[in-house]
Amino acid sequence: MNGQDYYIPAAALAVSLAFKLPALRHNWRDPLLRSVCALLVLAGSVFTFAAPPTIEAVNGWTGVTNFSAPLVYCLITLFSAACLVLIVNWRGGPPEETRRISRRWMTGYAAVVVVLVVLFALGDTPVERLRDFDTFYANTPYIQQMIALYLTAHLVAAVVMVAMCWRWSLQVHGWLRIGLMIIVSGYVFNLSYDATKISAVVARWAGHDLDDLSTYVAPPLASVGALISAIGFVLPLLCQRLSDSWQTWTTYRRLGALWHEVQIGAPGGTHVVRMSWWAPAELRVIQRESDIHDGFLHLGPYFDPARREDAYERARAAGAEEETARAVADAAMVAAAVQARSADPEGAVIGASEESVLDTLGGPRDLVRISHALRHSPVVAAVRRHVALSGSGPA
């Protein structure tokens with residue numbers, strides 16, 4: 001593998017991290033978000049510092065022969081810990097238990113990092129090796145233990161991740177299950193990486209030469225495994241965010257019929273707040289709901305509970321469910337009130353019968369149902385025609 005084989009995945013991970021940073025800045029205390037960003041940083045760092053050109057450059061900058069070896073091993077170890085911590089936070093559970101398990105993994109792998117650095121400092125690696133450090137120094141005192149330790153730590157994390165993700169995937173559905181299966185697939189590559197590396201190192205211990213497994217087969221397996229695993233972590237979170245955004249925009253759009261209806265019945269001088277084009281969908285929904293409730297207040301004197309009750313009975317007689325029938329009844333009363341308000345430009349009608357109605361129109365779900373009924377219900381259409389022909393206002 002050349003430098004591009006490492007730098008392209010690192011760049012892709014950097015782009016993914018860039019999309020996460022704004023959310024991290026606004027919600028720093030979210031442990032799941034912190035874990036995702038830490039994983040992306042460490043995965044990108046592993047790719048960057050494991051590239052042969054970077055290895056050579058780091059060795060030259062530090063003036064320490066093979067300084068990159070413990071650096072890359074430490075990054076791989078920390079990446080393994082980040083994966084374990086992320087899956088623990090992602091799975092959830094009692095907060096105290098989640099924090100305790102996360103701290104155990106972080107403490108254990110931090111200790112491994114410290115031991116790796118100490119073993120490298122005690123060992124002797126006078127010949128720079130850019131691609132075959134593991135097998136070249138497999139029998140060197142202290143370095144031998146360092147290599148065995150990082151491979152063991154990586155193997156333990158891979159086995160635990162596969163077991164945890166597989167068990168969890170059997171309990172969930174949707175994007176989460178897909179993401180977990182992708183992670184399992186990625187860690188199958190990681191386990192293959194461990195198998196090839198360990199085989200080559202053990203062969204060296206036994207006096208044999210399987211260096212090609214470590215030098216040419218293992219690196220691509222590690223790269224593919226890390227990239228697939230990172231996708232598995234990010235994809236469900238990204239898709240859930242997109243799904244939530246889609247649902248919010250759908251709610252905004254479905255409220256449109258009701259929003260336009262009450263705007264027709266609003267006084268001529270009513271000021272409508274204009275949202276900027278970059279305003280988030282959640283804020284737009286809140287503003288639209290607020291406008292609708294303001295419209296109800298203006299239409300209150302024209303609401304006719306008797307007309308609402310009649311529309312409710314007709315909807316139930318037509319086979320509508322309870323919630324749907326209530327929404328149809330409210331929509332019919334709103335439509336009639338709008339026409340009555342339009343027929344009374346001077347506002348001669350006085351009264352305040354809106355209180356009992358507002359109690360039934362308090363939630364976003366009701367508003368969406370009412371909006372749908374305004375556009376699609378034949379009962380509401382019949383009420384519109386009746387009011388238009390009779391010119392009647394509230395009973």
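FYI, side chains are in, hydrogens and waters are out, and symmetry mates aren't considered; it's all heavy atoms of this structure.
Using a cut-off of 4.0 Å between Lys/Arg side-chain N and Asp/Glu carboxylate O, Asp366 and Arg369 are scored as not salt-bridged. Remark: Arg314 engages Asp310 in a salt bridge, criterion side-chain N to carboxylate O under 4.0 Å. The pair Glu289-Arg254 does not meet the salt-bridge criterion, since no charged nitrogen lies less than 4.0 angstrom from a carboxylate oxygen. Salt-bridge check for Glu96 with Arg100: failed, with every basic side-chain N at 4.0 Å or more from each acidic carboxylate O.
Within the 3.5 Å criterion, the main-chain N or O of Leu258 finds a donor-acceptor partner in the side chain of Ser371. The backbone N or O of Arg129 sits less than 3.5 Å from a side-chain atom of Asn66, completing a donor-acceptor pair. Here the side chain of Asn59 pairs a donor or acceptor atom with the backbone of Phe67 at under 3.5 angstrom. Remark: side-chain polar atoms of Ser199 are paired, donor with acceptor, to backbone N or O of Ala195 under 3.5 angstrom. A donor-acceptor pair is defined here as one N or O able to donate and one able to accept, closer than 3.5 Å; no such pair exists between the side chain of Ser243 and the backbone of Cys239. Side-chain N or O atoms of Thr152 include one that pairs as donor or acceptor with a backbone N or O of Ala148 at under 3.5 Å.
Around atom CZ of Arg375, no more than 12 heavy atoms belonging to other residues, nucleotides or ligands sit under 6.0 Å away.
Two different hydrophobic clusters hold Phe79 and Ile55 under the rule that ILVMFWY side chains link at heavy-atom gaps under 4.5 Å.
Applying the side chain to side chain donor-acceptor pair (under 3.5 Å) rule to Thr77 yields no partners; only residues at least two apart in sequence or on another chain are considered. For Arg384, the salt bridge (Lys or Arg N to Asp or Glu O under 4.0 Å) criterion is met by Glu261, not counting sequence neighbours.
Note on ring orientation: taking the six-membered ring where Trp is involved, the planes of Trp249 and Tyr252 are perpendicular (angle over 60°, cut-offs 30° and 60°). Using cut-offs of 30° and 60° for the angle between ring planes, the Tyr193 and His154 rings count as perpendicular. Relative ring orientation between Trp105 and Tyr109 is described as tilted, the plane-to-plane angle lying within the 30° to 60° band.
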